[in-house]
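Single-structure report; data block below.
Both backbone and side-chain heavy atoms feed into the values below; hydrogens, waters and symmetry mates do not. One-based numbering along the sequence shown. Since we're looking at a predicted model, the values are computed, not measured.
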Amino acid sequence: MSLPGAIIDMRLGADVAYVPRFAAGWQRFGDRFLTKIYTQAERDYCLRSAPHTVSRLAGRWAAKEAAVKALGTGWRGVGYRDIEVVRRASGEPRICLHGRAELLLRGWVGTSGSWEWRLSFSHDRDYAFATAILLLLRVE
């Protein structure tokens, strides 16, 4: 994929999530747990594969954490569902911003800039890992 401008900044975030923690949260709080953290599309994706549901939930959490680390904000002023993990038609995962997270980033890049995300997942038994790279671009 070609980028629509010159890279002016690159930010990195990474996180690891303990899968049994997500199983316990879901078991204890049920749908309330899921709707607090995940968008409807994320819930639909995770729930459609029973053997992988909890691993997918943990992986999406790790990706959201990696994204807020790349943003440099942590969760201050950004809601859990403001950061969404989606899949392109090719299957490639990516970050999509909504609400306050999108407004924050638009404020940084201004009218002459844009951004691109790169996202990578890995799962190993009880752990889900994610790395997010945020490329801030100057449109040319």
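At a threshold of 4.0 Å, the pair E116-R118 counts as salt-bridged, since one of the basic side-chain nitrogens sits closer than that to a carboxylate oxygen.
Of all non-hydrogen atoms in L71 and R11, the two that sit nearest each other are O-NH1, 3.4 Å. Between D126 and P20, the shortest heavy-atom distance links the atoms O-CD, 3.6 Å. When every heavy atom of V85 is checked against every heavy atom of A63, the shortest pair comes out as CG2-CB, 3.6 Å. Among all heavy-atom pairs drawn from A58 and V19, the shortest one is CB-CG2, 3.9 Å. The minimum heavy-atom distance between F129 and A62, with the atom names listed, is C-CB, 4.3 Å. The shortest heavy-atom contact between G59 and A130 is O-CB, 4.4 Å.
Between L137 and I8, every side-chain heavy-atom pair lies at or beyond the 4.5 Å cut-off. Side-chain atoms of L103 and L105, non-hydrogen and from C-beta on, never get closer than 4.5 Å to each other. Taking 4.5 Å as the limit, some side-chain heavy atom of W26 sits within range of a side-chain heavy atom of L57.
Here the side chain of R56 pairs a donor or acceptor atom with the backbone of Y45 at under 3.5 angstrom. The closest donor-acceptor contact from the side chain of K36 to the backbone of R81 lies at 3.5 Å or more, if one exists at all. Without hydrogens or angle criteria, R88 side chain to E92 main chain gives no donor-acceptor distance under 3.5 Å. Side-chain atoms of D44 do not come within 3.5 Å of backbone N or O of A41 as any donor-acceptor pair. Side-chain atoms of E84 never come within 3.5 Å of backbone atoms of L97 as a donor-acceptor pair (strictly under, hydrogens ignored). A donor-acceptor contact shorter than 3.5 Å is absent between the side chain of S120 and the backbone of T131. Looking only at distances, a side-chain donor or acceptor of R43 sits under 3.5 Å from a matching main-chain atom of Y38.
Within 6.0 Å of CZ in R21 there are 12 or fewer heavy atoms belonging to other residues, nucleotides or ligands.
Put simply, L135 and V86 are part of two different groups of oily side chains (I, L, V, M, F, W, Y) that touch within less than 4.5 Å, one to the next. A single hydrophobic cluster is not seen to contain both L12 and V16; linkage of ILVMFWY side chains at heavy-atom distances under 4.5 Å, directly or through other members, places them apart.
Atoms NZ and OG1, on K64 and T39 in that order, are 6.0 Å from each other to the nearest 0.5 Å. One distance of note links CG of L134 with NZ of K69; it measures 15.0 Å at 0.5 Å rounding. With rounding to the nearest 0.5 Å, the separation of CD1 in I133 from CG in L119 is 9.5 Å. Atom CG in L34 sits 10.0 Å away from atom CD in Q40 (nearest 0.5 Å). In this structure, C46 SG and H52 NE2 are separated by 12.0 Å, a value rounded to the nearest 0.5 Å. Atoms OG and CZ, on S55 and R60 in that order, are 9.0 Å from each other to the nearest 0.5 Å.
Between W75 and Y80, the angle of the ring planes goes over 60°, which puts this pair in the perpendicular group of the 30/60° scheme.
Judged by the 6.0 Å distance and 45° axis criteria, R138 is not positioned over the aromatic ring of W115.
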Steps toward ring-ring contact (aromatic ring centres under 6.0 Å, His included) verdict (Y18, Y127): CA-CA 5 Å; Y18 186 56; Y127 296 94; 5.3 Å; yes
